[in-house]
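Written below as structure tokens is the structure these notes are about.
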Amino acid sequence: MLQKIGLAICALVILMGTAWFSGATGTSAFFAYSLLALTAFGLELADGSTMGFVFIILALPRLAWPETMIMAGSALFLQALVRRDRPAPKIFLQSLLATVVAVLISQATFHFPSLTRFDAPVRLMLASGACFVAFRALGPKKSDPWSIAFYPVAAGVAAL
């Protein structure tokens with residue numbers, strides 16, 4: 001019962017946050033990023049981690065950290081609800097924590113005042129490395145060290 005109440009409160013907070021950001025940023029861009037987040041967090045790599053980092057990196061130049069966190073959190077939440085093999089609450093919370101920290105570290109790296117003198121592609125590469133470290137350190141399923149190759153590719157796509 002307590003878990004259902006907690007999930008209902010989380011869903012309400014996520015829906016209210018997304019509605020608030022939707023009104024502030026414009027519906028079409030918000031809808032496109034929401035679809036990207038749902039798709040990215042729904043695709044799994046061979047090591048069991050998701051491709052959510054792609055959304056985090058692509059959102060860096062255009063979305064602020066609260067918007068990115070709300071969209072990433074809602075995508076994780078919806079993926080957990082839809083999956084047949086729902087993750088245990090502890091695994092879900094660990095994944096949510098890793099995502100929040102990855103968003104914060106990536107955003108802080110990309111928008112760090114001392115780094116703004118560099119072009120966006122360089123800052124995207126640095127932010128993608130920070131994102132990898134966050135997911136590697138905190139993720140419930142430790143990403144394979146060889147999966148680091150995917151992160152600069154996502155940064156290159158974001159730069160384009």
Side-chain angles (χ1 to χ4, degrees), residues 1-111 123-124 127-143 147 150-151 153-155 157-160:
M1 176 75 167
L2 188 59
Q3 184 180 8
K4 289 182 181 180
I5 292 172
L7 289 176
I9 291 171
C10 286
L12 184 62
V13 168
I14 289 169
L15 290 174
M16 288 172 51
T18 22
W20 182 60
F21 287 126
S22 174
T25 59
T27 309
S28 61
F30 179 80
F31 183 69
Y33 277 108
S34 296
L35 283 178
L36 176 64
L38 278 171
T39 304
F41 281 100
L43 297 174
E44 289 190 10
L45 295 172
D47 63 357
S49 61
T50 69
M51 292 194 55
F53 69 90
V54 173
F55 163 74
I56 293 171
I57 294 168
L58 287 175
L60 282 172
R62 292 189 174 69
L63 299 179
W65 66 267
E67 297 166 334
T68 307
M69 272 203 282
I70 291 289
M71 285 188 212
S74 58
L76 274 172
F77 183 73
L78 289 173
Q79 290 295 333
L81 285 178
V82 173
R83 296 178 101 175
R84 288 181 187 247
D85 56 334
R86 291 188 180 137
K90 180 181 176 182
I91 299 294
F92 173 73
L93 289 176
Q94 192 175 4
S95 179
L96 190 60
L97 172 70
T99 301
V100 166
V101 170
V103 166
L104 289 175
I105 288 177
S106 300
Q107 287 278 344
T109 302
F110 185 76
H111 297 290
R123 290 183 294 143
L124 282 167
S128 70
C131 186
F132 173 77
V133 169
F135 277 123
R136 177 91 173 125
L138 299 172
K141 298 175 182 173
K142 303 295 184 198
S143 60
S147 66
F150 294 114
Y151 289 74
V153 170
V157 170
L160 291 176

Mind checking the CG-CD spacing from L97 to Q94? Nearest 0.5 Å is all I need.
-> 7.5 Å
Check: L63 main-chain N/O paired with Q107 side-chain donor or acceptor under 3.5 Å | yes
Between atom CG of L104 and atom OG1 of T109, what is the distance when rounded to the nearest 0.5 Å?
-> 10.5 Å
Taking all atoms of both residues into account, what is the closest heavy-atom pair of A102 and F135, and its distance?
-> CB-CE1, 3.7 Å
Correct closest heavy-atom pair for M69 and V103 would be CG-CG1, 3.6 Å
Among F132, F110, Y151, side-chain contact (heavy atoms from CB on, under 4.5 Å) partner for I57 | Y151
Between L76 and S95, which heavy-atom pair has the shortest distance, and what is it?
-> CD2-OG, 3.8 Å
Taking all heavy atoms of C131 and all of F53, pick out the closest pair and write down the distance.
-> SG-CB, 3.9 Å
Measure the spacing between CZ of F55 and OG1 of T68 and express it to the nearest 0.5 Å.
-> 5.0 Å
Measure the spacing between CD1 of I105 and CD1 of I56 and express it to the nearest 0.5 Å.
-> 10.5 Å
First locate atom CG of L124, then atom CG of L58, and finally report the distance between them rounded to the nearest 0.5 Å.
-> 8.5 Å
